[in-house]
Asker: 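Right, I'll just put the structure down here and ask away after.
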There are 2 protein chains.
Amino acid sequence: MSIPAIGTKGVPRPRREAQIVRVATAEFGARGYARASVAAIAARSGISKPLVYQYFGSKDGLYLRCLTEVADALLDRLTDAEQRVDDSVASRIHVLRALFEALEPEPAAWRLLYDPSMPRTGRIAAKARHYRARTEAIAAAGSQRFLAARGITDPEDAAALAALWMGVVDSLVTRWLTGPKQSAAQMTARCERLLAAVWS
Amino acid sequence: MSIPAIGTKGVPRPRREAQIVRVATAEFGARGYARASVAAIAARSGISKPLVYQYFGSKDGLYLRCLTEVADALLDRLTDAEQRVDDSVASRIHVLRALFEALEPEPAAWRLLYDPSMPRTGRIAAKARHYRARTEAIAAAGSQRFLAARGITDPEDAAALAALWMGVVDSLVTRWLTGPKQSAAQMTARCERLLAAVWS
DNA sequence: CTCCGAACTGACCTGACGGTCACTTACCCT
DNA sequence: AGGGTAAGTGACCGTCAGGTCAGTTCGGAG
C-alpha cells in the first residue's frame with residue numbers, strides 16, 4: 001500500500017475511525033439507536049467488536065461521535081442558508097437546498113438528530129437536546145420574523161410555526177430517503193415547484 | 001363487587017384486555033415499540049406478564065391490537081373529515097380538527113402508526129404499511145385535487161405534497177404531545193390562526 | 001362435595017447485546 | 001536482534017427482555 005502500514009492490518013487509527021463512523025452513521029440512521037448493534041457495525045466495517053470499543057469507548061461514545069460530525073456540518077450550512085431567507089415564503093427554498101446538499105452523501109444521517117429510540121438521559125440525550133435547541137432557535141427566529149411581518153406577535157404561535165416548519169423539513173427528508181432515489185438538485189427543484197403552487 | 005367476580009381477581013377477560021390495551025397504547029406511544037417492555041405494561045396494569053401472553057400471544061400481538069384499535073378509529077374520522085375539504089388551503093382545518101379530537105383521550109397513540117422502532121418485517125410491519133397506505137391515499141387524493149386545481153399534474157409532485165402535508169400534521173401532533181398541555185379546541189384554533197397568517 | 005374451566009402467577013429458559021480481558025501480530029526505533 | 005507500541009481478535013461475562021411452564025386460586029355446574 002502507498003499509505004504507511006501500521007499494525008496487523010495496516011490501517012492507521014484515524015482512517016479506521018473515519019470508516020467506522022461512516023458505517024455507524026448509516027446503521028444508526030437506518031435502524032435507530034436502539035436497534036443498531038455494535039457487533040453489526042463492526043462486522044460491516046470488516047473488524048471485530050473490541051476495536052470499536054477501544055476507539056470509541058462505548059456505544060454511546062460512537063453514537064455521540066457520529067452525531068457531532070453530522071450535526072456540526074449540518075448546522076453550519078443551515079445557519080449560513082438562513083441568512084439568505086427574508087420574509088417571503090419562497091425564500092425558504094435556500095434552507096431546503098442547503099439541507100439536501102449537506103445530506104446528499106448520507107441522507108439517513110438526518111435521523112440521528114431526531115431518533116426517538118435514543119436514551120432519554122445521559123450524554124447522548126444532552127448533546128441531542130443541544131443540537132435540537134440550536135436548530136429550533138434558527139427555525140424560531142425565522143418564524144418569529146415571518147409572523148411579525150404579518151402582524152402576529154404571540155410567541156406560542158411562533159413556536160408552533162417553527163415546529164410546523166421543521167415538520168415539513170423532516171417529512172421531505174423522510175420521503176427523500178424512503179422514496180425513489182433522487183439527487184439533491186431534483187429534490188430542490190421539486191420543492192421550489194411545490195412552494196410556488198401552494199402559494200399561488 | 002357489583003360485577004360478577006370470576007377467577008382469582010374477579011376481572012373478566014374482555015375488561016382485562018381493554019385495560020391492558022389502554023396501558024399498552026400509552027406505553028408504546030411514549031417509549032416506542034422497541035423500548036416498551038411487556039413486563040412494564042403488565043406491572044402498570046396490576047397483573048403479571050404471563051397473563052398478557054395468554055391474552056395476546058406475543059408482544060407483536062399486543063402491539064397489533066393497540067394499532068388496529070387506534071388506527072381504525074382514526075381513519076374513520078379522517079375519511080369523514082376529508083370530505084369536507086375543498087380546493088382551498090383553509091378548508092384543511094377540518095382534517096386537523098378531526099385529528100385533534102380523535103387523539104384527545106390519548107395523544108401518544110398517534111406514535112403507534114409511525115413508530116420507526118417497530119419491526120421492518122412480519123405482521124406488524126404489514127399492518128402498519130396497510131394503515132400508512134390508507135392514510136397516504138387519503139392525503140394523496142387531496143393533494144392531487146389541490147394541485148390539479150392549480151395546473152400541476154405530475155403524480156410525483158402530488159406524492160411529495162402529500163408527504164409534506166402529513167409531515168405538517170405529524171409535527172403539530174408531536175408538538176401537542178411534547179409541549180404545554182392544551183385541549184383539542186385550543187390546538188384547532190391555533191392552527192386556524194396560523195393557516196390564515198401563512199397564506200395572508 | 002366434586003369436578004371443570006377460567007383467571008392468574010413465580011420461576012425458569014433462551015438469545016441477543018453491551019462490554020471486557022488476555023492474548024497475538026506486525027511495524028518502528030535503537 | 002530485540003523491546004516498545006499500536007492494531008487487532010477469540011472467548012468470555014452480566015444483564016435484560018421476550019417467551020414458556022407447571023401450578024394455584026377461585027367461581028359455578030352437576
Side-chain angles (χ1 to χ4, degrees), chain A residues 1-21 23-24 27-28 31-66 117-124, chain B residues 1-21 23-24 27-28 30-66 115 117-124:
Chain A
M1 282 194 259
S2 57
I3 306 132
I6 308 170
T8 41
K9 283 186 183 172
V11 180
R13 177 159 180 168
R15 189 169 295 258
R16 197 54 109 187
E17 285 190 356
Q19 178 203 13
I20 296 171
V21 166
V23 170
E27 196 79 359
F28 282 132
R31 323 210 353 144
Y33 175 90
R35 297 175 65 85
S37 95
V38 177
I41 292 168
R44 275 188 51 183
S45 303
I47 54 163
S48 68
K49 204 170 49 162
L51 194 62
V52 177
Y53 280 91
Q54 187 178 330
Y55 285 169
F56 299 95
S58 63
K59 186 182 186 179
D60 284 26
L62 178 56
Y63 191 90
L64 225 46
R65 178 74 167 271
C66 298
S117 78
M118 81 178 123
R120 253 70 165 174
T121 58
R123 283 186 306 162
I124 289 190
Chain B
M1 280 194 257
S2 58
I3 307 132
I6 308 169
T8 40
K9 282 186 181 171
V11 180
R13 177 160 180 168
R15 190 171 294 258
R16 195 56 106 189
E17 284 190 356
Q19 179 202 13
I20 296 171
V21 166
V23 170
E27 196 80 0
F28 281 132
R31 324 208 356 142
Y33 175 90
R35 296 175 64 85
S37 95
V38 177
I41 292 168
R44 275 187 53 184
S45 303
I47 52 160
S48 69
K49 205 171 45 162
L51 194 61
V52 177
Y53 280 93
Q54 187 179 330
Y55 285 172
F56 298 95
S58 63
K59 187 182 186 179
D60 285 26
L62 178 56
Y63 191 90
L64 224 46
R65 178 75 168 270
C66 298
D115 183 356
S117 77
M118 79 178 123
R120 251 69 165 175
T121 57
R123 282 186 306 160
I124 290 191

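Proteins get letters first, then strands, A, B, ... in listed order; numbering begins at 1 in each. Only heavy atoms go into these numbers, but all of them, side chains included; no hydrogens, no water, no symmetry mates.
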Asker: Look at A/Y55 and D/dA7 and indicate whether a side-chain polar atom (N or O) is within less than 4.0 Å of OP1 or OP2.
Answerer: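 Result: yes.
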Asker: Whole-Å distance between C/dC17 C1' and A/R31 CZ?
Answerer: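 So the two atoms are 12 Å apart, to the nearest Å.
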Asker: Provide, to the nearest angstrom, the distance between the OH atom belonging to B/Y63 and the P atom belonging to D/dG18.
Answerer: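 It is 14 Å, rounded to the nearest whole Å.
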Asker: Considering only side-chain heavy atoms of A/R16, which listed nucleotide, D/dT9, D/dG8, D/dG18, is closest?
Answerer: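 For A/R16, the side-chain atoms sit closest to D/dG8.
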Asker: Picking from C/dT9, C/dC17, D/dG8, which would you name as closest to the side chain of B/S48?
Answerer: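 Among C/dT9, C/dC17, D/dG8, the one nearest the side chain of B/S48 is C/dT9.
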Asker: Could you tell me whether B/A36 contacts a base, only the sugar-phosphate backbone, or nothing, with contacts defined as non-hydrogen atoms closer than 4.0 Å?
Answerer: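 If one applies the 4.0 Å heavy-atom cut-off, B/A36 turns out to touch the sugar-phosphate alone, with no base involved.
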Asker: Drop me the distance from B/M118's CE to B/D60's CG, to the nearest 0.5 angstrom.
Answerer: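 B/M118 CE to B/D60 CG: 11.0 Å, rounded to 0.5 Å.
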Asker: In whole Å, what is the span from the CD atom of A/E27 to the P atom of C/dG18?
Answerer: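 After rounding, the reported distance stands at 11 Å.
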Asker: Among the nucleotides D/dC21, D/dT9, C/dG19, which one has an atom lying closest to any side-chain atom of A/I47?
Answerer: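 Nucleotide nearest to A/I47's side chain: D/dT9.
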Asker: Take A/Q54 and B/A34, find for each the nucleotide of DNA chain D with the closest heavy atom, and name the residue whose nucleotide sits nearer the 5' end.
Answerer: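 That would be A/Q54.
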Asker: Whole-Å distance between D/dG23 P and B/K49 NZ?
Answerer: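 For the pair B/K49 NZ and D/dG23 P, the rounded distance is 20 Å.
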Asker: Using whole Å, report how far CD of B/Q19 lies from P of C/dA7.
Answerer: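 My rounded result for the distance is 14 Å.
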Asker: Rounded to whole angstroms, how far apart are CD on B/E17 and C1' on C/dA7?
Answerer: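 So the CD-C1' distance, B/E17 to C/dA7, works out to 12 Å.
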Asker: Closest approach to the side chain of B/S58, judged atom by atom: which nucleotide of D/dG19, D/dA11, C/dC17 is it?
Answerer: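 So the nucleotide nearest the side chain must be D/dG19.
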Asker: Given C/dT20, D/dC21, D/dG8, identify the nucleotide with an atom nearest to the side chain of A/P50.
Answerer: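 Looking only at heavy atoms from C-beta outward on A/P50, the closest nucleotide is C/dT20.
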Asker: Does C/dC21 have its OP1 or OP2 closer than 4.0 Å to a side-chain nitrogen or oxygen of A/Y53?
Answerer: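 Answer no for this pair, as no side-chain N or O of A/Y53 is under 4.0 Å from OP1 or OP2.
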Asker: Taking the six-membered ring of B/F28 as reference, does the NZ or CZ atom of B/K59 fall below 6.0 Å from its centre and within a 45° cone about the axis?
Answerer: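 That pair does not qualify as a cation-pi contact.
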Asker: Can you tell me how far C1' of D/dA7 sits from CD1 of A/I20, to the nearest Å?
Answerer: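 That distance rounds to 11 Å.
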Asker: Nearest 0.5 angstrom please: A/F56 CZ to A/I20 CD1, how far?
Answerer: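 It comes to 5.0 Å.
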Asker: So which of B/L51, B/V21, B/V52 actually passes side chain to side chain contact (heavy atoms under 4.5 Å, CB included) with B/R16?
Answerer: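 Of the listed residues B/L51, B/V21, B/V52, the side chain to side chain contact (heavy atoms under 4.5 Å, CB included) partner of B/R16 is B/L51.
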Asker: Side chain of B/K59, base of D/dG19: donor and acceptor closer than 3.5 Å?
Answerer: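 Side chain to base: no pair present.
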Asker: How many whole angstroms separate atom CZ of A/R15 from atom C1' of D/dG8?
Answerer: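 In whole Å, D/dG8 C1' lies 17 Å from A/R15 CZ.
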Asker: Has A/K9 got a side-chain N or O lying under 4.0 Å from the OP1 or OP2 atom of D/dT9?
Answerer: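 So the side-chain polar atoms of A/K9 do come within 4.0 Å of the phosphate oxygens OP1 or OP2 of D/dT9, strictly under.
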Asker: Heavy atoms only: give me the nearest A/S117-A/A34 pair and the separation to one decimal.
Answerer: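 It is OG-N, 3.1 Å.
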Asker: I want to verify a distance call: between D/dA7, C/dC8, C/dT20, whose nearest atom is closest to the B/V11 side chain?
Answerer: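 My answer, after comparing the listed nucleotides, is C/dC8.
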